[in-house]
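First the proteins, then the strands, lettered A, B, ... as listed; each starts at 1. Small disclaimer: the values here were computed from a predicted structure and weren't measured.
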Amino acid sequence: MTALRPFYVTTPIYYISGTPHIGHAYTTIAADVLVRTARAHGPARSLTGTDEHGQKVANAAAAAGMTPQAYVDSLAPQWKELAPAFDARFDDFIRTTEPRHVHTCLALFEKMRDAGDVYEGVYEGWYCTHDETFWPEAKLIDGRCPNPECRRPVQWLSEKNWFFRLSKYNQPLLDLFRGNPEFLRPQSRWNEMMAILEEGLEDFSISRSSFDWGIPLPGGGVLYVWYDALINYVSALGWPEDPDGLFATFWPGMHIVGKEIARFHTIIWPAMLMSAGLPIPTRVFAHGWITSDSGTKIGKSLGNAMDPFAMKERFGADTLRYFLMREAPFGSDFSMSVEKLRQRHNSDLGNDLGNLLRRSLAMLQKYRNGIVPQPSEGAVQELTADLPARVHEHVMALRFREALDEMWNLVTALNRAIDEQKPWELYKHGRAVELDALLYDLVEGMRWLSLLLFPYMPSKATEIWTQLGLAGTPELQWADELVWGRLAAGTQTAPGAPLFPRIDPPAE
RNA sequence: GGCUCGGUAGCUCAGCGGUAGAGCGGGGGACUCAUAAGCCCUAGGUCGUAGGUUCAAAUCCUACCCGAGUCACCA
């Protein structure tokens with residue numbers, strides 16, 4: 001395997017005036033699985049945070065009778081709790097109202113201006129005062145605001161703003177997309193962005209002067225919220241001074257985003273970086289959306305089924321993480337429901353995995369007092385030979401489901417080995433060598449699964465580790481640990497409670 | 001409306017030129033170490049419709065039907 005460069009992954013920064021929902025949890029969990037897998041191979045870093053500027057926030061703050069700063073301060077905690085609630089550990093959490101971010105934004109703005117890509121221009125269009133929104137002429141309905149709740153007359157407004165010469169980067173972006181199709185995945189998003197690029201890009205305004213909740217610019221006005229937001233990925237690394245060397249070490253990184261914001265991350269953001277002479281992200285992955293399962297009635301007693309916190313309460317963070325990564329190809333939309341979650345929990349996790357650990361340790365306890373026998377060699381060992389490489393490759397390509405499929409092949413193989421070799425008969429007939437070999441295969445196989453599953457289910461993987469009698473956690477380097485026979489003979493295992501207790505359907 | 005991507009077993013999907021596949025669910029069987037879990041066997045689906053290309057098409061082409069996405073200086 002080639003040496004891996006330090007790995008950096010980000011979630012989008014979440015718009016603070018919203019409420020965390022399952023989609024945020026999904027992105028956050030995916031980034032966490034990715035970085036935990038990367039960390040098992042070398043240095044890795046992850047970032048999440050909140051996007052706190054813009055007119056919407058200013059309006060909401062005013063409605064709440066608060067200053068914008070006090071308002072965002074009151075909302076930030078619920079976003080900081082999101083990742084920990086799902087056992088996702090980020091190395092940094094950035095808020096766009098922090099001084100370090102403001103500093104980086106202004107530095108980047110200057111750099112782009114020095115490059116001749118920022119100029120003063122007039123931003124004008126049809127403006128609805130009530131909605132505080134500019135509307136394109138084509139959207140207007142009878143010359144009025146197209147918002148069905150509004151429909152007020154609009155007025156022609158113009159304000160002097162800073163513009164970014166995006167048009168200059170049209171061709172470089174086309175070259176980027178054509179030369180590196182992996183830059184944006186999945187393919188469907190790449191196609192869409194190519195269509196936009198082929199239509200041609202126009203310069204756009206990166207400042208606002210009609211309100212002031214944003215990063216203030218010298219000479220007046222504030223930065224447009226999206227321009228400001230995208231920069232978080234490098235401001236969190238300390239660019240441009242880079243006092244801790246984080247930027248030098250980790251940039252460029254990979255962005256995981258929802259498909260709705262692919263445009264900002266794959267057209268505008270790379271153009272900004274090109275203008276500033278900085279490397280562009282290694283890859284942007286635009287994942288799909290989670291829809292509710294229309295066929296399933298949600299009982300009142302279960303609460304709102306799409307509330308990630310409620311789902312976590314019911315199934316645990318690990319089951320929810322597993323479900324989200326296993327249920328659909330990353331990139332596709334998919335639906336979820338309490339019933340689907342319950343089935344994955346009982347079937348994949350309880351029956352296949354949890355029960356495998358339990359029956360393995362029970363037999364080891366019964367036949368060998370729970371003490372690990374001498375390492376075996378044979379079919380299971382061969383099966384595991386290139387498993388870590390395959391899993392790693394899948395995860396780095398964001399194929400989480402396929403990675404789990406690979407692991408489940410091992411789970412199934414171990415369950416099958418028990419049924420085929422019938423250890424209870426081996427024991428009865430005193431065939432100690434064969435019995436020891438099988439028992440070793442089982443516990444060593446479980447050790448491998450613990451290491452491989454750790455990024456997906458940190459808590460349950462650690463429980464497996466502990467029941468195997470191992471100290472610490474399975475958060476270790478794969479190259480060192482995924483070596484057959486590393487589970488030492490003589491290890492005293494410690495069987496515990498079922499890993500995934502069965503969850504019965506709610507009583508009718 | 002233009003463009004893009006889909007429409008394959010009850011469900012979720014893989015296959016993408018050479019005699020229809022997986023997982024789940026359903027049905028049957030032998031066992032007992034285990035969370036009545038696991039293991040084995042089983043599913044006969046006109047591969048959206050209609051044409052066409054080919055010795056041969058879920059697999060290529062055309063048209064059409066259905067679904068989704070996208071064509072915004074909202075975030």
If only atom types and distance count, is the side chain of A:Tyr440 paired as donor or acceptor with the main-chain N or O of A:Leu487 below 3.5 Å?
yes
With syn defined as a glycosidic angle within 90° of 0 and anti as the rest, where does B:rA50 land?
anti
On RNA chain B, check which nucleotide each of A:Glu202 and A:Met193 is closest to and give me the residue with the more 5' one.
A:Met193
Could you work out the separation of B:rA14 and B:rA58 based on their C1' atoms and round it to a whole Å?
12 Å
Which part of the nucleic acid, if any, lies within contact of A:Arg326, taking any heavy atom under 4.0 Å across all strands shown: a base, the sugar-phosphate backbone alone, or nothing?
nothing
Would you please classify the geometry between the A:Trp269 ring and the A:His255 ring as parallel, tilted or perpendicular, with 30° and 60° separating the classes?
tilted
Closest to the 5' end of RNA chain B, once A:Ser205 and A:Glu192 are matched to their nearest nucleotides, is A:Glu192
If you measure from the C1' atom in B:rG67 to the same atom in B:rG26, how many Å do you get, rounded?
28 Å
Give the intermediate values and the outcome of side chain to side chain donor-acceptor pair (under 3.5 Å) for residues A:His345 and A:Thr319.
CA-CA 6 Å; A:His345 177 92; A:Thr319 291; 2.9 Å; yes
Among A:Ile231, A:Leu106, A:Val234, which one satisfies side chain to side chain contact (heavy atoms under 4.5 Å, CB included) with A:His101?
A:Ile231
Between B:rC13 and B:rG6 - C1' atom distance, rounded Å
12 Å
Compute both the distance and the angle, then confirm whether A:Lys460 meets the cation-pi test with A:Phe500: under 6.0 Å from the six-membered ring centre, within 45 degrees of the axis.
yes
Note: contacts of residues 426-449 of chain A with RNA chain B (heavy atom, under 4.0 Å) are none
In Watson-Crick or G-U wobble terms, with both distances under 3.5 Å, the base opposite B:rC39 is B:rG29
Please tell me if the side chains of A:Arg95 and A:Val72 come closer than 4.5 Å, counting only heavy atoms from C-beta onward.
yes
Give one of base, sugar-phosphate or nothing for A:Arg344, where a contact means two heavy atoms less than 4.0 Å apart.
nothing
When you compare B:rA34 with B:rA43, how far apart are their C1' atoms, in angstrom units rounded to a whole number?
28 Å
Aro-ring/base stack A:Trp424-B:rC33, d under 5.5 Å, angle under 30°:
yes
Pairing partner of B:rA58 (Watson-Crick or G-U wobble, both distances under 3.5 Å):
none
Base, sugar-phosphate, or nothing: which does A:Lys366 touch, judged by heavy atoms less than 4.0 Å apart?
sugar-phosphate
So that I can tick it off, tell me whether A:Glu393 and A:Arg390 are bridged by a salt bridge, with the cut-off set at under 4.0 angstrom between side-chain N and carboxylate O.
no
Close residues, residues 219-231 of chain A, relative to RNA chain B [heavy-atom separation under 4.0 Å]:
A:Tyr224, A:Val225, A:Trp226
Got a salt bridge between A:Arg447 and A:Glu444, using NZ or NE/NH1/NH2 to carboxylate O under 4.0 Å?
yes
Would you mind classifying the nucleic acid contact of A:Gln343 as base, sugar-phosphate or nothing, using non-hydrogen atoms under 4.0 angstrom?
sugar-phosphate
My understanding is that a pair needs two contacts under 3.5 Å, Watson-Crick or G-U wobble. By that rule, which nucleotide pairs with B:rC16?
none
Provide the Watson-Crick or G-U wobble partner of B:rA68, both distances under 3.5 Å; none if there is no partner.
B:rU4
Check the distance between B:rG69's P and A:Arg185's CZ and give it to me in whole angstrom.
21 Å
Using Watson-Crick or G-U wobble geometry with both distances under 3.5 Å, which nucleotide pairs with B:rG44?
none
How would you label the contact of A:Ala195 with the nucleic acid (heavy atoms, under 4.0 Å): base, sugar-phosphate, or nothing?
nothing
Is the shortest side-chain N to carboxylate O distance from A:Glu198 to A:Arg178 below 4.0 Å?
yes
With a 6.0 Å cut-off on the ring centroids, do A:Tyr15 and A:Trp226 count as close?
no
Can you check each nucleotide of nucleotides 35-41 of chain B against protein heavy atoms at under 4.0 Å and return B for base, S for sugar-phosphate only, - for none, in 5' to 3' order?
B-SBSS-
Geometric class of the A:Phe177/A:Trp190 ring pair [parallel <30°, tilted 30-60°, perpendicular >60°]
tilted
Rounding to the closest angstrom, what is the interatomic distance between B:rC66 and B:rA30 at atom C1'?
47 Å
Evaluate the ring planes of A:Phe330 and A:Phe285, with Trp represented by its six-membered ring, and classify them as parallel (under 30°), tilted (30 to 60°) or perpendicular (over 60°).
parallel
Atom pair distance, as rounded to whole Å: CG in A:Leu201 and C1' in B:rC71:
13 Å
In whole angstrom, what separates A:Leu197's CG from B:rC71's C1'?
13 Å
Mind checking the C1' distance from B:rU42 to B:rG21? Whole angstroms is fine.
15 Å
Side-chain heavy atoms of A:Ile464 within contact of A:Leu449, under 4.5 Å
no
In the structure shown, which nucleotide is the Watson-Crick or G-U wobble counterpart of B:rA63, with both distances under 3.5 Å?
B:rU49
Which whole number of Å gives the distance between the C1' atom of B:rG25 and that of B:rU19?
29 Å
